[in-house]
Amino acid sequence: MNDTLRFAPATGIGSLPGTDAREAAKAATGSFEDFPHLPARGPGADMIGRTAGLLVELYARVEPSGWRIGDRPGRDTRRARSWLREDLDALEEFTQGYEGLLKVQAVGPWTLAASLELKNGEAALSDPGACRDLTASLAEGLRLHLDEVRRRVPGAQLVLQLDEPSLTAVLRGQVKTASGYRTHRAVDRQIVEGALRDVVGVHGGGPVVVHSCAPGVPFALLRRAGVTGISFDFSLLTERDDEAIGEAVEDGTRLFAGVVPGTDAPLSDPAGSVMGVRTLWRRLGLRPGLLPEAVTITPACGLAGASPGYARSAYAHCVRAARSLADNPE
């Protein structure tokens, strides 16, 4: 088991509702005292926009159809970078003297390639050369971003999370073309794995988690790419995933189990929220005492679409559910 993640029972995914940077930072650091994260909030900090603002020598602007790669930094790039600075300023304020795990998030190379448009309106995914350029630009941007966070929170042990909700669709050839009538060709698994490994390597051996709130998470491929943890929507698992999950646990891969809904919903008692995790463990024949060492509890996805009150409740619920799992793993 990777020591860097052993003592991290609960954390958030990344996005939060509202536009107040200080309130978001307060929620992310106050709720998860031993595993806070850099929050993203507001329209200038959407998942694709925030990561587009990190790119080096590539720029993107908002078109009616979505984010499109352009020739120079424009208003949308400047806005994304400004919102990130606000979030970093607030995080720095609320982590004075902090020493411990701190998670930062960005979109991974394949969801970015499936989401960013080229000048012709098609996804960058349609052009292998554009995919390579995008991966290289993202890797350099993440290297600089991690350096910046280290400077602001020098006592933190950084965990990099790559958001890849489109990864399975990329592998299966399910990403639609601009017309919507066809799909882009599936990308070879070795190419997908190689690009992920390149981005994972930017963290210099530090812990990297890949998050996907889509069905069919490719656990084995992600492990081969060198990730430390895999984050997923627990409700989307099927028994077909059992073998891959069991192998991941035995290999020391941390599981980030998204058991709390990402949008406003009634919350069961904390023990009920992790009942499915205990059931999975029994089905896999794994030792119950391993549960708190192997599993971190999170929301199923980001909370940008939730109400502020629900977001705070969901974070508190994750902490209580993780405590229930540790106190009663069986």
Side-chain angles (χ1 to χ4, degrees), residues 1 5-17 27-37 39 101 103 105 159 161 163 165 209-217 219 229-242 244-246 248-249 253-330:
M1 181 62 56
L5 294 179
R6 181 171 292 166
F7 303 108
T11 191
I13 294 299
S15 60
L16 286 168
T29 57
S31 300
F32 305 111
E33 294 181 357
D34 52 358
F35 200 1
H37 66 89
L101 294 170
K103 184 163 67 67
Q105 304 83 216
V159 177
Q161 175 181 301
D163 294 315
V209 177
V210 169
H211 168 70
S212 175
C213 50
V217 176
F219 288 91
I230 301 173
S231 173
F232 51 91
D233 181 342
F234 191 85
S235 70
L236 297 179
L237 293 182
T238 70
E239 291 194 17
R240 290 194 300 273
D241 298 307
D242 281 7
I245 292 173
V249 173
T253 304
R254 185 88 186 183
L255 302 182
F256 286 65
V259 300
V260 177
T263 53
D264 293 41
L267 295 174
S268 66
D269 68 286
S273 293
V274 291
M275 187 180 303
V277 181
R278 293 190 183 96
T279 300
L280 170 66
W281 229 245
R282 286 194 295 270
R283 203 164 65 229
L284 294 175
L286 295 169
R287 179 171 58 85
L290 183 63
L291 259 175
E293 299 176 19
V295 176
T296 291
I297 298 300
T298 72
C301 210
L303 297 172
S307 67
Y310 176 80
R312 288 191 294 271
S313 297
Y315 274 9
H317 195 84
C318 287
V319 173
R320 290 194 295 268
R323 191 175 300 130
S324 168
L325 201 61
D327 292 345
N328 183 20
E330 298 189 59

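- Below 30°, between 30° and 60°, or above 60°: for Phe232 and Phe219 the angle between ring planes is above 60°, a perpendicular geometry.
- Taking both residues in full, the closest heavy atoms of Ala257 and Val277 are given as CB-CG2, 4.4 Å, listed atom of the first, atom of the second, then distance.
- Leu236 and Pro215 get closest at one heavy-atom pair: CD1-N, 3.6 Å.
- Under a 3.5 Å cut-off, the side chain of Ser15 and the backbone N or O of Leu303 do form a donor-acceptor pair.
- Atom CD1 of Ile230 sits about 7.0 Å away from atom CG of Leu255, to the nearest 0.5 Å.
- Of all heavy-atom pairs between Pro299 and Gly12, the closest is CD-CA, 4.0 Å.
- For the pair Val249 and Trp281, the minimum side-chain heavy-atom distance is below 4.5 Å.
- Atom CZ of Phe35 is separated from atom CG of Leu101 by 5.0 Å, given to the nearest 0.5 angstrom.
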Would you tabulate the side-chain donor-acceptor contacts of residues 318-327 under 3.5 Å, counting partners in other chains and residues two or more places apart, or write 'none'?
from, atom 1, to, atom 2, distance (Å)
Ser324, OG, Arg278, NH2, 3.1

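- Side-chain contact check for Gln105 versus Val209: every heavy-atom pair is 4.5 Å or farther apart.
- A donor-acceptor pair under 3.5 Å links the side-chain atoms of Arg254 to the main chain of Val295, judged by distance alone.
- Taking each heavy atom of Ala306 and Tyr310 in turn, the nearest pair found is CB-CD2, 3.7 Å.
- For the atom pair OG (Ser31) and NE2 (His317), the distance works out to 13.5 Å, reported to the nearest 0.5 Å.
- Within the model, atoms CG of Asp163 and SG of Cys301 stand 7.5 Å from one another, a figure rounded to the nearest 0.5 Å.
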Quiz item: How far apart are the C-alpha atoms of Val159 and His37, what are their side-chain angles, what is the distance that settles it, and do they pass the side chain to side chain contact (heavy atoms under 4.5 Å, CB included) test?
Solution: CA-CA 9 Å; Val159 177; His37 66 89; over 6 Å; no

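- Atoms CD1 and CZ, on Ile245 and Phe234 in that order, are 7.0 Å from each other to the nearest 0.5 Å.
- A donor-acceptor pair under 3.5 Å links the side-chain atoms of Asp264 to the main chain of Ser307, judged by distance alone.
- For the side-chain contact (heavy atoms from CB on, under 4.5 Å) criterion with Tyr315, the lone passing option out of Leu16, Thr11, Thr298 is Leu16.
- Arg240 CZ: 12 or fewer foreign heavy atoms inside a 6.0 Å radius.
- In this structure, the side chains of Ser273 and Leu267 stay at 4.5 Å or more apart for every pair of heavy atoms.
- Put simply, CD on Glu239 and CZ on Arg283 are 4.5 Å apart, with the number rounded to the nearest 0.5 Å.
- Of all heavy-atom pairs spanning Ser231 and Ile13, the tightest one is OG-CD1, 3.7 Å.
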